[in-house]
Every structure is written in C-alpha cells, then in structure tokens.
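Values in this document were obtained by computation on a predicted structure and should not be read as measured data. Because only heavy atoms are used, hydrogens play no part in the values below, and waters and symmetry mates are left out as well, while side chains stay in. Quick note on labels: first sequence line is chain A, next is B, and so on, each numbered from 1.
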There are 2 protein chains.
Amino acid sequence: MKARTRKEEIIIVASRLFKEKGYNAVSMRDIALAMGIKAASLYNHIQGKQEILSTLILEVAQEFTLGMNTVMLSTATPTEKITSVIELHIDITVNYSEGLAALNNDWMHLENDDLSDFVKMRENYEENFRKIIKEGIEKEEIKAQHPEVILFSILSTLRSLYVWYQKRGKLDVNILKKDMVAVLLNGIVV
Amino acid sequence: MKARTRKEEIIIVASRLFKEKGYNAVSMRDIALAMGIKAASLYNHIQGKQEILSTLILEVAQEFTLGMNTVMLSTATPTEKITSVIELHIDITVNYSEGLAALNNDWMHLENDDLSDFVKMRENYEENFRKIIKEGIEKEEIKAQHPEVILFSILSTLRSLYVWYQKRGKLDVNILKKDMVAVLLNGIVV
DNA sequence: GAACAAAACTAACGTTTGTTAGTTAGAATT
DNA sequence: AATTCTAACTAACAAACGTTAGTTTTGTTC
C-alpha cells in the first residue's frame, strides 16, 4: 500500500507502530513524532485516532470478504476452494501486512458500528470456510474428522502468517503458496 | 490455577481482563473494580502493574521451557517428539488459558530483564522445535519440505489454540489431542 | 503581489493513568 | 487488654492522554 495523500501517509506510519506495540500503547504524539510533525497537526488530516484504526482494519476485512465471496461463487471442488482460500490469505498478507496486524490484535478496540460490522464480517467468513470443509467431507475429499479442528487449524496458521512472513526475509510468494498448501492439506509425515 | 493468596486473586482477575482488552487497555482502576476494592488497595499486595504481567507471562513461559526440555531429553522418535509437543501445548492451554493470552499478545510490554528473558526462552523453544523437525527430515519420518514452513504452521496453530478452546465449549482433552495430532501430522485430504 | 488553501505550529483543555502517602477498621497474636 | 498484622480506605501527585482553538507558515493560483 502506497501513500497517495497525507492522510494515507499517517495511516501507514501509524499501522507500523500499531504492529509493534499495539493500538493502545501508541499515542498520537508517537505517530506525530514518527511523521516529523506535532500531534495537533495530525488533526488537519484525520478525524481522530479511532479513524486510523477503523480505516486500517475495515479495508483489510473487506479484502477478505471480497476474496471469499469470489471463491464461494466458483464451481471448483472443495479441495480447490481451500487451496484458493490459502492463496487468498497469502496474497493479503503480502500486500497488507501492517493492516493485518491491527485486524488480528486490535479489532476489539473498534467502536460502535465499526466493531459490529467487523464481527459480522468475521463470523461470515468463518461460516463460509466451514461450509467448504463440510462439503469436502460429504464428497469424501476431506477426512471425516471434527470439521472445527480442521477449520481452526488452517485458519490460525493463516492468520499468524503476517508475523512470520517478514521475519523470515520475504520468500518467493509462489513457493510459499505451494509449500503452505502442501503442509496444510497433506500434512508433514512421510 | 486457583487463588491461594490475595495476590494470586488479583493476578487471576487481571489476567481475565487482559485477555479481553489487552494489557494497556486495562487500568489499575479496572482491576480494582473487578475485585470490589479501590485501586490504591491493590498496592498492599503487588508492587505494580508490571509485576502482574511478568508474573503471569513468565510462569507460563517456564512451563513451556520445562516441558520442551523433558521432550528433548527423551529417546523418542522425532514424530513422537512432535506429538509430545502438541500434547504439551494442549495441556498448557487447558491449565493456563488466561496467562497464554498475555504471553501471546502482551509479551512486548514486559520490561528490562523480564523482556529479554522471555525473548530468549521463546527463541530457545523455537530452536528446539526446529531441531526436532530437522531430525525428522534426516531420518525420513518427515517430508523434506521447507522446515520453517512446517515449524511455523504447527506452532501458530498451537499458539492460537487458547482463543478457540473455550469458545467451542470445552471439549474432551484427549479427543482434542488425538484430532490435533492427526490433522497436523497427516493433513486433511483423504 | 494579493488572495487563497493546505498544513504546519503553539497553547491549552479536561480526563485518565500508575502510583504514593498517610489513615482506619477489624482480626489475630501476645 | 495491648499489640501487631492485614487489608481496606481517602486524598492527592505528576505525567501522559486525545483533542480543540486559534495562529502562523508555506506554496499555489489569479
């Protein structure tokens, strides 16, 4: 994500700080300092601290919703759909790594409609994923294990990816996709 | 974890609040209110807010270190060792769910020696896990995939378990262990 | 060069924060 | 009965918080 306006610059700088210390541990003065200006000057561009958080999170959340809807509308097999979802997560991780951190760690600090909208989107996303897995079990593509364990296992790996992706110096996205799909679908034992 | 002293009561109440809102979003007055006393009264039992956090986190961290050391000293095969580590995580999740939340989300708010001790323990833990996986690949028990992808995949699933465990009303621990091991080792496709 | 808008500034506001000091009520110990 | 201990209290602190108001600087357009 590149900054096209001053407002976007602020959001990008803030997201970097949020990622390191969390929303509540970052003050408006911290953000201003990182921008090289005074805290009051931020208010020429944004309405408040909350706006930074909600802009950041809801942008990424919509990206997920959009991607999942596309997958659900396709005629692919359940296994192919799961593969698509894994790839979707990796693409978003690469492009919105800071926003993802806020989404994962600070969503509970959203307020009012932003909070309830987010929670709804999240529940909807999980419900769609659950449908894919259950369909896979019915069609005997997926092992008849507890679907919740499968859902949770894949989803929590994908959600943590942002932490790990740039710690291990930016590997090739296509190789990462291939490896992740292999590990998550086929396991690790020979 | 049961409260045996007033200090432990405070730590338990605080950990519950930390889990919901994060360390920085919980004030000493919040903790005091949840205890039914005034904020200043907390200081008869604890040294400060930091002490709550470090007690909470380092207790759990030591539990992990201890468990991992036991696994490393055993003569089990790599696959068996991975199974033991998975079971270790599940046991700790069940017994220290609130502390785990703080460990996962608020470790960066530790200070001084507590912070560096924690980071060292964490690195050490990951390094041991990495050794097990590499040994498994050498002995051809584990697929010769990127070991980092395998490590990350399993570890992030296990680390997120605390979020999910009590949302899905407390299932039987032994069944959970069996299912998790199956999914993480053998994958999900038929 | 006057007029304008954008984006910075200084100064201050009312709250909330973690914490300290000193005090008090009740229970346990001598 | 006197003393000590435990655990609560009130009051207050300096610092940090998000935010507002009003002003000055900077760069662009007539």
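Counting to the nearest Å, the C1' atom of dT24(C) and the CD1 atom of Ile37(B) are 16 Å from each other. Atom CG of Asn24(A) and atom P of dG18(C) are 11 Å apart (whole Å). Rounded to whole angstrom, the span from the CD1 atom of Ile52(B) across to the C1' atom of dT19(C) amounts to 13 Å. Between the CD atom of Gln47(B) and the C1' atom of dT20(C) there is a distance of 14 Å, rounded to whole Å. As rounded to whole Å, 15 Å separates atom P of dA6(C) from atom CD1 of Ile10(A). Separating the CZ atom of Arg6(A) from the C1' atom of dA6(C) is a distance of 11 Å, rounded to the nearest angstrom. A straight line from OH of Tyr43(B) to P of dT17(C) spans 12 Å, rounded to a whole angstrom. Taking atom CG of residue Leu42(A) and atom C1' of nucleotide dC9(C), one finds them 13 Å apart after rounding to whole Å.
Between Tyr96(B) and His89(B), the ring centre distance reaches or exceeds 6.0 Å.
By the salt bridge (Lys or Arg N to Asp or Glu O under 4.0 Å) test, Lys178(A) pairs with no residue at all, sequence neighbours left out. Remark: Asp117(A) engages no residue in a salt bridge (Lys or Arg N to Asp or Glu O under 4.0 Å) (not counting sequence neighbours). The side chain to side chain contact (heavy atoms under 4.5 Å, CB included) check on Asp179(B) picks up Gln145(A), His146(A), Val149(A), Ile175(B), with sequence neighbours excluded. Listed by chain and number, the residues in a salt bridge (Lys or Arg N to Asp or Glu O under 4.0 Å) with Lys143(B) amount to none (sequence neighbours excluded). Annotation: side chain to side chain contact (heavy atoms under 4.5 Å, CB included) contacts of Ser84(B) (sequence neighbours excluded): Val71(B). Residues meeting the side-chain hydrogen bond (donor to acceptor under 3.5 Å, both in side chains) test with Lys139(B), sequence neighbours left out: Glu135(B). Residues that satisfy the salt bridge (Lys or Arg N to Asp or Glu O under 4.0 Å) test with Glu127(A), not counting sequence neighbours, are Arg130(A). Legend: residues meeting side-chain hydrogen bond (donor to acceptor under 3.5 Å, both in side chains) with Glu51(B), ordered by chain and number and at least two apart, are Lys7(B).
For the pair Asn104(B) (side chain) and Arg159(B) (backbone), a donor-acceptor distance under 3.5 Å is present.
Here chain B contacts DNA chain D (any atom closer than 4.0 Å to a heavy atom, that is under 4.0 Å), and the contacts span dA7(D) to dA12(D) from 5' to 3'.
Against DNA chain C, the stretch residues 25-36 of chain B makes heavy-atom approaches under 4.0 Å through Val26(B), Ser27(B), Met28(B), Arg29(B).
Side-chain nitrogen and oxygen atoms of His45(A) include at least one within less than 4.0 Å of the OP1 or OP2 phosphate oxygen of dA8(C).
Residues in residues 12-36 of chain B take part in these side-chain hydrogen bond (donor to acceptor under 3.5 Å, both in side chains) pairs, two or more places apart or across chains: Lys19(B)-Ser97(B), Asn24(B)-His109(B), Ser27(B)-Asp30(B).
Taken over five-pair windows at either terminus, the axes of the helix from dG1(C)-dC30(D) to dT30(C)-dA1(D) are inclined to one another by 10° (rounded to 10 degrees).
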